[in-house]
Protein chains: 2
Amino acid sequence: MHKATQRTLLEDVAREAGVSTASVSRVLNHAPNVSERLREKVTAAIDRLGYVPDGTARALASRRIGAIGALVPTLDNPIFGAMIDSLEQRLKRHDCRLLIATYRYDLDDELEALRTLIQQGVDGLVLIGHDHRPAALTTLQRRQLPFLTCWHAEEDPDWPCIGFDNAGPARALAEHLLMLGHRQLAVVSAPVDSNDRARARLEGFRQAAEATGCPVPPERIVTVEYGIAEGCQAFESLMRQQPPPTAILCGNDTLAFGVMLAAQRAGIRIPEELSITGFDDLPQARFMSPPLTTIAVPAAEIGRRVADALIARIGGETTPHRQLIDAPLVLRASTGPPPVQQPKP
Amino acid sequence: MHKATQRTLLEDVAREAGVSTASVSRVLNHAPNVSERLREKVTAAIDRLGYVPDGTARALASRRIGAIGALVPTLDNPIFGAMIDSLEQRLKRHDCRLLIATYRYDLDDELEALRTLIQQGVDGLVLIGHDHRPAALTTLQRRQLPFLTCWHAEEDPDWPCIGFDNAGPARALAEHLLMLGHRQLAVVSAPVDSNDRARARLEGFRQAAEATGCPVPPERIVTVEYGIAEGCQAFESLMRQQPPPTAILCGNDTLAFGVMLAAQRAGIRIPEELSITGFDDLPQARFMSPPLTTIAVPAAEIGRRVADALIARIGGETTPHRQLIDAPLVLRASTGPPPVQQPKP
DNA sequence: CCGCAGTATGTAAGCGCTTACAATTTTGAT
DNA sequence: ATCAAAATTGTAAGCGCTTACATACTGCGG
């Protein structure tokens, strides 16, 4: 047993206000059919006693914890930081807290983290992307937990989503380059295993290239981990090839930064000698020199919409199974027509 | 009352294993004095039934929720993202979850968020910096909640901290410039209200300048919000002055990026005509051209140490009241001797 | 062979709320 | 006024665990 607690309990408030505990609870929870007089008596007693409800007891009794869980690959990537930031801000409006867990793109870790969060009692869950262990879905369904995926737009009856098309904009980027006359395309991609977004972007690049009759050969597709230095390395290995590419499509802005920096270090002019594209539109993209042509990923908007939709679902409402947000192509100065003659003939 | 639940309860496990509920609980919580035989019977029953303990019930009964709260100004700044990322990873090792709340540098919001997290039942709390509402401290103390501040190194018996000195490295940065011969220093600072870190950095810049006999005049200190564009603006307003500064000390890397970009746009060579320093050492700092001289803020290390220390405190152990981590000066190419003659005589 | 310390397990009383249901009061149409 | 329906408040049974305390063993020195 526990020692008698010193803290003010709901029962104390009830006594102080001269009402029942149920009434105090009702006032606390803004239940309907509570008279103004009752409300006043109770709030006055609460103020007098400095009462603070106990979240854990409330969670046990009401079966909701007042928090959702978010599973993100990493918070080291600022694009996810931006999304989580807006998600948390918006959840606050709904009086909901946020539990986060990261899994470094390891889907087994994701599944484990998901189970942990569920065990913790979260009222809902947000996942990034469409790639997950099958057990994740069955667990979610068995518990009938409201959930949402985001950052992608796959049509899948099992996975409701709020996100954007990754392939389409990637295609648009490639088409933009092809339209400019580029025929020697190269791609720097993030690892595609366990990452549908990276895969979709890569696929988009490929499709556009193939549709124009100049598919990207495998050696022109290099996969590297996330990071500026990694982008630099990718550039090196790509530019060793003959003929060198006239344009490099990058799976995200950070890789593009690396590629761009390495190119400049090598004395290659952008976009005159080499065009570069990114994906994300991080804040610094428009400040690079030249400013980076990229896709504006609606990270903050996703956060807001996920918050609203998940809260609605938790409240028993139904929300669209799939919400598509535009991820517009942002044309800047890192792309231009290919050089008329090969740099090294 | 509630409907009879379908879910497997601890009681079911007890029945299945032919033991008492207390025994199941003991096995679950790795209590001492549990025989191997009991443990096996119980774990077997758990597996057979697919039992998953209920976090909320456990929280109510045991008075710990298995999660700590983190109060950060924003997650939109990648330096905090990096810290939260490592914090969460490390907490996971200790089987502890993370609840986050942001407050946009508004200390009233911080206080409110703190109260919300406490009400939620968090086992401990991490705050950023030394500036907080007095009520935050009293609330923390009244609840006897383990807590830690970080990102600063103020000696204050009330606030245990794990962080780094902000003023010292700022001083080092300014001294570095003064040593190079600069006498026309300027500062671009983040807003210092409610932000002891920004204030300490500014103070460090000032002290060093004054100690060398060339204090920074007020018009040479411009305060702008966080952002690259804001850094650009700061540059403009600074370079309008006569004589223009030969070096600009920035309160963080992002502002420094802005200043650097605006300088380059204006055709000013760095560091020949203008030296620039940052603070944070974001990943891109070493990839700027020229690479940015800055202070390496140990964000990931702070996350790890905070996790370990807070877990220890929650466990009743005492940890050092103040842990100082080095934030080294990283000399790169954005700083150099001032031009011999003024650019515009 | 007894008794005591130490170990292992069981019993059941909470933890501090929410909410189904009952009881009471108010309202509104006769 | 009269009574059913609606609105308001009260009663008390959980929610699913943990843990203090009681009980039952176990082994060992005397």
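We name chains A, B, ... by the order of the sequence lines, and we start the count at 1 in each one. It should be emphasised that the depicted structure is a prediction, and the values quoted were computed from it without experimental measurement.
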Short side-chain N/O contact to dT9(D) OP1/OP2 from R39(A), under 4.0 Å: no
When you measure from the side-chain N and O atoms of R63(B) to the phosphate of dC15(C), is any distance below 4.0 Å, counting only OP1 and OP2? no
Backbone of A135(B) reached by a side-chain donor or acceptor of T139(B) within 3.5 Å: yes
So does S23(A) get a side-chain nitrogen or oxygen closer than 4.0 Å to the phosphate oxygens (OP1/OP2) of dG10(D)? yes
Looking only at side chains, do E88(B) and T102(A) share a donor and an acceptor under 3.5 Å apart? yes
S62(B) side-chain N/O to dT18(D) phosphate OP1/OP2 under 4.0 Å: no
Length of the line joining R15(B):CZ and dT11(C):P, which is rounded to integer Å: 13 Å
What contact category does T21(B) fall into here, base, sugar-phosphate, or nothing, at under 4.0 angstrom with non-hydrogen atoms? base
Distance check: side-chain N/O of S20(A) vs OP1/OP2 of dG10(D), anything under 4.0 Å? yes
Examine dT19(D): is either OP1 or OP2 under 4.0 Å from a nitrogen or oxygen in the side chain of R64(B)? Give yes or no. yes
Below 4.0 angstrom from OP1 or OP2 of dT9(D), is there any side-chain N or O of N33(A)? no
Hydrogens and angles aside, do D131(A) and H152(A) bring a side-chain donor and acceptor to less than 3.5 Å of each other? no
Could you check if a side-chain atom of N29(B) sits within less than 4.5 angstrom of a side-chain atom of S25(B), using non-hydrogen atoms only? yes
Identify whether any heavy atom of L28(B) sits under 4.0 Å from a base atom; if not, whether one sits that close to sugar-phosphate; answer base, sugar-phosphate or nothing. nothing
At under 4.0 Å, does any side-chain N or O of S35(A) touch on OP1 or OP2 of dT9(D)? yes
By nearest atom, which of the nucleotides dG10(C), dC17(D), dG16(C) is closest to the A61(A) side chain? dG16(C)
Could you give the CG-to-P distance, from L10(B) to dG16(D), as a whole number of Å? 11 Å
